[in-house]
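As structure tokens, the structure follows; a few thoughts come after it.
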Amino acid sequence: MENNILPDFVSGIPTAKNRSRERRSLIAGYYSNLWKRLQKEGKKNMIFNDYLGVNIYIVENESDKKTINTASMKWQSTYAVKHLKEIVADACGDENLPIYEKPKKGTQTKNGYKNMAILYYDFVNEELPYLNFKIKLTIGIRADNKHVQYCVNKIEVKEKSRPYQASTP
């Protein structure tokens with residue numbers, strides 16, 4: 001098999017567009033396993049992000065909810081959830097974009113976020129070109145300064161700036 005041909009499964013994840021239902025189930029399982037692993041490690045459902053210098057909480061029925069709906073649409077996003085611990089720890093800002101933005105009306109404000117942080121993570125694989133893509137990690141910041149992983153998904157790389165930059169928390 002050539003390296004530029006997308007296989008039917010990547011790391012156990014179906015790649016076909018019409019397999020989102022299966023990917024939803026996988027994502028729920030990845031979150032469940034991550035919560036169990038963090039508890040065993042005594043981390044209380046949090047992962048330290050080096051770039052922001054804060055603990056990012058992985059909150060059941062909050063962190064997984066938006067991600068399950070969004071990440072199941074693309075196999076790369078589901079792959080990212082499988083590597084969520086690494087992404088949360090190592091994601092960083094894009095020098096061309098602001099890190100903080102105002103929360104959108106709806107779920108972000110309903111969850112009590114006063115601010116949102118947008119970080120990025122690049123998957124790089126020299127041998128398999130289909131494993132080269134950029135992930136967007138969205139973190140909700142509450143009034144008590146608690147940082148909560150809100151969503152993780154693959155993005156199409158487009159150089160554009162956001163219209164609003166919120167102040168730092």
Side-chain angles (χ1 to χ4, degrees), residues 3-38 45-52 56-94 96-101 103-104 106-108 110-111 113 115-141 147-162:
N3 290 340
N4 61 350
I5 296 174
L6 182 64
D8 291 337
F9 289 86
V10 172
S11 193
I13 300 165
T15 58
K17 287 184 182 182
N18 64 349
R19 306 282 291 272
S20 63
R21 186 175 297 164
E22 291 169 65
R23 290 190 292 268
R24 289 173 68 93
S25 177
L26 288 172
I27 292 167
Y30 296 152
Y31 269 100
S32 178
N33 290 336
L34 178 59
W35 285 316
K36 289 174 188 171
R37 194 169 55 182
L38 290 172
N45 290 349
M46 59 186 166
I47 302 166
F48 187 78
N49 176 269
D50 291 323
Y51 184 79
L52 295 177
I56 309 293
Y57 288 83
I58 312 298
V59 179
E60 195 168 5
N61 294 321
E62 187 172 337
S63 296
D64 57 333
K65 204 171 199 176
K66 174 72 173 174
T67 302
I68 286 172
N69 292 329
T70 306
S72 63
M73 298 303 163
K74 295 181 179 162
W75 72 265
Q76 297 97 327
S77 299
T78 305
Y79 183 85
V81 175
K82 188 172 185 173
H83 300 276
L84 188 59
K85 187 175 179 185
E86 175 186 342
I87 291 170
V88 171
D90 298 334
C92 55
D94 183 321
N96 299 318
L97 297 171
I99 295 169
Y100 300 100
E101 64 180 36
K104 296 174 186 169
T107 308
Q108 291 180 0
K110 184 179 146 194
N111 285 343
Y113 302 140
N115 229 344
M116 304 301 289
I118 310 298
L119 302 179
Y120 300 92
Y121 182 89
D122 290 316
F123 279 103
V124 178
N125 187 312
E126 293 178 22
E127 296 174 15
L128 302 171
Y130 56 82
L131 283 179
N132 294 309
F133 52 90
K134 185 179 278 288
I135 292 297
K136 176 181 169 185
L137 173 67
T138 307
I139 300 163
I141 304 167
H147 290 61
V148 178
Q149 183 261 319
Y150 175 70
C151 189
V152 61
N153 57 322
K154 178 201 181 260
I155 60 167
E156 303 302 325
V157 179
K158 295 176 187 169
E159 293 299 321
K160 68 176 188 174
S161 60
R162 295 191 201 110

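A donor and an acceptor atom, one from each side chain of Ser11 and Lys82, are located under 3.5 Å apart.
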Using side chain to side chain contact (heavy atoms under 4.5 Å, CB included), reason through Arg24 and Asn69 one step at a time and then give a plain yes or no. CA-CA 7 Å; Arg24 289 173 68 93; Asn69 292 329; 3.0 Å; yes

Step by step, work out the ring-ring contact (aromatic ring centres under 6.0 Å, His included) result for His83 and Phe123. CA-CA 10 Å; His83 300 276; Phe123 279 103; 5.7 Å; yes

Decide side chain to side chain contact (heavy atoms under 4.5 Å, CB included) for Ile155 and Ile135; before the verdict, give the C-alpha distance in whole Å, the side-chain angles of both, and the deciding distance to 0.1 Å. CA-CA 6 Å; Ile155 60 167; Ile135 292 297; over 6 Å; no

Steps toward side chain to side chain contact (heavy atoms under 4.5 Å, CB included) verdict (Tyr121, Val88): CA-CA 9 Å; Tyr121 182 89; Val88 171; over 6 Å; no

Would Leu97 and Tyr120 count as a side chain to side chain contact (heavy atoms under 4.5 Å, CB included) here? Give the steps. CA-CA 10 Å; Leu97 297 171; Tyr120 300 92; 3.4 Å; yes

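Remark: the backbone N or O of Pro14 is paired with a side-chain donor or acceptor of Arg23 at under 3.5 angstrom. At least one donor-acceptor pair under 3.5 Å links the side chain of Asp64 to the backbone N or O of Asn61. A donor-acceptor contact shorter than 3.5 Å links the side chain of Trp35 to the backbone of Ile58. The backbone N or O of Ser72 lies less than 3.5 Å from no partner atom in the side chain of Ser20, so there is not a single donor-acceptor pair. A donor-acceptor pair under 3.5 Å links the side-chain atoms of Thr15 to the main chain of Asp8, judged by distance alone. For Asn45 (side chain) and Tyr57 (main-chain N/O), no donor-acceptor pair under 3.5 Å exists by modelled atom type. Side-chain atoms of Ser32 do not come within 3.5 Å of backbone N or O of Ala28 as any donor-acceptor pair. Looking at Asn132, its side chain does come within 3.5 Å of a backbone N or O of Asn125 through a donor-acceptor pair.
Using a 4.5 Å heavy-atom threshold, the side chains of Tyr30 and Ile13 count as touching. Under the 4.5 Å side-chain criterion, counting only non-hydrogen atoms from C-beta, Lys136 is not in contact with Val152. Side-chain atoms of Thr107 and Tyr150, non-hydrogen and from C-beta on, do get closer than 4.5 Å to each other. A heavy-atom distance below 4.5 Å is found between the side chains of His147 and Leu52.
For the atom pair NZ (Lys65) and SG (Cys151), the distance works out to 13.5 Å, reported to the nearest 0.5 Å. Atoms CG and CG, on Leu119 and Asp90 in that order, are 11.0 Å from each other to the nearest 0.5 Å. Separating the CD1 atom in Ile99 from the CD1 atom in Ile139 is a distance of 10.0 Å, to the nearest 0.5 Å. We find the CG-CG distance between Asn153 and Leu137 to be 9.5 Å, quoted to the nearest 0.5 Å.
Between Pro103 and Met116 the shortest heavy-atom distance is CA-CG, 3.6 Å. Smallest separation of non-hydrogen atoms from Leu26 and Gly12: CD1-O, 3.8 Å. For Ile5 against Tyr130, the heavy-atom pair with the smallest separation is O-CE2, 3.6 Å. Looking at every heavy atom in both residues, Thr78 comes nearest to Ala71 through OG1-O, 3.0 Å. Across all their heavy atoms, Leu38 and Met46 have their closest contact at CD2-O, 3.8 Å. Between Val148 and Ile56, the shortest heavy-atom contact is C-CG2, 4.2 Å.
Remark: Glu62 engages Tyr113, Arg142 in a side chain to side chain donor-acceptor pair (under 3.5 Å) (not counting sequence neighbours). Residues passing the side chain to side chain donor-acceptor pair (under 3.5 Å) test with Thr67, sequence neighbours excluded: Tyr31, Gln149. With sequence neighbours excluded, the residues forming a side chain to side chain donor-acceptor pair (under 3.5 Å) with Asp122 are Lys134, listed by chain and number.
More than 12 heavy atoms of other residues, nucleotides or ligands lie within 6.0 Å of NZ in Lys154, so this atom counts as buried by the packing criterion. Annotation: Lys85, atom NZ; neighbour count of heavy atoms from other residues, nucleotides and ligands within 6.0 Å is above 12.
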